[in-house]
Amino acid sequence: MMSGAEAAAGDDDEVVHDFTPLLLVYRSGRLERPIAMPPVPPGVDAATGAASRDVALSPHSFARLNLPPAASEGSTRLPVVVYFHGGGFVSGSAASAAYHRCLNDLAAACPAVAVSVDYRLAPEHPLPAAYEDSLAALEWVLAAADPWLAAHGDPARVFLAGDSAGGNICHHLAMHPGVRGAGLRGVVLIHPWFWGREPVGGEPRGPAKMQKGLWEFVCPGAVGGEDDPRMNPTAPGAPGLEGLACGKVMVCVAEGDVLRWRGKLYAEAAARARGADPRVELFESEGVGHVFYLLEPAAEKAKELLDRIAAFVGAE
């Protein structure tokens, strides 16, 4: 018979939920996030000249603001891009090295005042915690109480952007009743995490255990599993995409990403819902996979994606 100590040690080694590489959950309750990166401090970026600083929004969330050199070159106000990181709602941070680099590059390329939002993660804080933190951050941005936003941001040119789970958050916010009167200029969904019970396009025909399992794990209150409208915006009964509270939409997909089919379906559905003047742009990066630009920011395809997003934000 095992001793109590031996049983506890066994529990600490037994994985009960495997969402590699994002999260491992052990029977003991221990959590492991294999690809989580240590935080990097804000400051002045040597490569772009962008300056950044952190602002606490609540006891459990913060925003990292990135101000490009263009902010000091004249009195012209800059667009504001509010960015939501990915990571399946269980991993990622606005302070990680990859997102810090990404937001410095984005702020300089647009140029724009970039606001990278850090939100609570599951399973410690299951959904809707991330949605609630993200909405509160957007409301804070729109209030322009921060001195950088007040001095340099253009309240008439506010964009939402995010990758993977962050793209899902962008959709959720753009459909939120409290955002409809805010006058968002546009949303950029990068490799957005959407799924559904019935396969579309070239999606796997077998059970998609990773997508379904992770979604139901982070959102235990999901209605209809992966056909919950928060995960499947095109599911029967989901709110119509004509309700998107933004002037224009950009959806970015990657050829080697299993989520590409959902991104394309979303872009098509948004264009149909928005009628004669949809202002929906679909951009596909060829030969690369999910969030490739975070992993290889210096690659030519990453620069191409950044340039297309900057053009979308800068276009009048």
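Scope of the values below: all heavy atoms of this structure, side chains included, with no hydrogens, waters or symmetry mates.
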Could you check whether any side-chain heavy atom of [X] comes within less than 4.5 Å of a side-chain heavy atom of [Y], counting everything from C-beta outward?
X	Y	value
Val200	Arg262	yes
Trp148	Val55	no
Arg27	Val16	yes
Val81	Val113	no
Asp227	Arg197	yes
Met250	Arg308	yes
Leu138	Val179	yes
Arg274	Cys246	yes

Closest approach of [X] and [Y], non-hydrogen atoms and distance?
X	Y	result
Val80	Asp154	CG2-N, 4.0 Å
Pro34	Leu23	CD-N, 4.0 Å
Pro79	Val313	CB-CG1, 3.8 Å
Gly263	Pro192	CA-CG, 4.3 Å
Ala161	Cys170	C-SG, 3.3 Å
Val44	Gly49	CG1-O, 4.2 Å

Do side-chain atoms of [X] reach the backbone of [Y] as a donor and acceptor pair under 3.5 angstrom?
X	Y	answer
Asn232	Glu226	no
Ser134	Ala130	yes
Lys248	Phe312	yes
Arg64	Tyr99	no
Arg33	Val90	yes
Ser52	Gly43	yes
Arg77	Ala150	yes
Glu296	Tyr293	no
Arg157	Gly186	no

[atom2] on [Y] to [atom1] on [X], rounded to 0.5 Å:
X	Y	atom1	atom2	answer
Cys252	Asp257	SG	CG	11.5 Å
Asp45	Leu67	CG	CG	12.5 Å
Thr20	Met210	OG1	CE	7.5 Å
Ser164	Ile190	OG	CD1	10.5 Å
Leu184	Arg180	CG	CZ	12.0 Å
Leu24	Asp18	CG	CG	5.0 Å

Practice prompt. Take Leu259 and Trp195, measure what side-chain contact (heavy atoms from CB on, under 4.5 Å) needs, and give me the verdict at the end.
Written response: CA-CA 8 Å; Leu259 301 181; Trp195 204 249; 3.8 Å; yes
- Query: So with a 6.0 Å cut-off around CD of Glu124, is the heavy-atom count from everything else above 12?
  - Reply: yes
(Q) Other residues, nucleotides and ligands only: do more than 12 of their heavy atoms fall within 6.0 Å of CD on Glu255? (A) yes
Residue pair Lys264, Glu268: steps toward the salt bridge (charged side-chain N to carboxylate O under 4.0 Å, His left out) verdict: CA-CA 6 Å; Lys264 289 184 173 185; Glu268 293 165 0; over 6 Å; no
Side chains of [X] and [Y]: do they bring a donor and an acceptor to under 3.5 Å?
X	Y	answer
Ser116	Asp118	no
Glu32	Tyr26	yes
Trp193	Gln211	yes
Asn104	Thr48	no
Ser58	Ser61	yes
Tyr83	Asn66	no
Tyr266	His171	yes

Single-linkage hydrophobic cluster [X]~[Y], side-chain heavy atoms < 4.5 angstrom:
X	Y	value
Phe62	Val115	no
Met37	Phe84	no
Leu295	Val258	no
Val25	Val218	yes
Leu173	Tyr131	yes

*asked:* Please tell me whether Phe19 and Phe89 form a close aromatic pair, meaning their ring centres lie under 6.0 Å apart.
replied: no
Note to self: In this structure, is the centre-to-centre distance between the rings of His60 and Tyr119 below 6.0 Å?
What the structure shows: no
**Q.** Candidate pair Phe283 and Ile309, rule side-chain contact (heavy atoms from CB on, under 4.5 Å), full reasoning
**A.** CA-CA 9 Å; Phe283 175 68; Ile309 294 172; over 6 Å; no
Report the C-alpha separation of Arg185 and Val158 in whole Å, then their side-chain angles, then the decisive distance to 0.1 Å, and conclude whether the side-chain contact (heavy atoms from CB on, under 4.5 Å) test is met. CA-CA 5 Å; Arg185 180 61 65 89; Val158 176; 5.9 Å; no
For the pair [X] and [Y], find out whether any cationic side-chain nitrogen is under 4.0 Å from an anionic carboxylate oxygen.
X	Y	answer
Arg101	Asp105	yes
Arg260	Glu284	yes
Arg53	Asp146	yes

Stepwise, does the side-chain contact (heavy atoms from CB on, under 4.5 Å) test hold for Leu244 with Val249?
CA-CA 9 Å; Leu244 286 167; Val249 178; 4.1 Å; yes
- Query: Does NZ or CZ of Lys301 lie under 6.0 Å from the centre of the six-membered ring of Phe292, at an angle within 45° of the ring axis?
  - Reply: no
query: Given His172 and Arg230, is the side-chain hydrogen bond (donor to acceptor under 3.5 Å, both in side chains) satisfied, shown in steps?
result: CA-CA 7 Å; His172 176 80; Arg230 292 168 291 186; over 6 Å; no
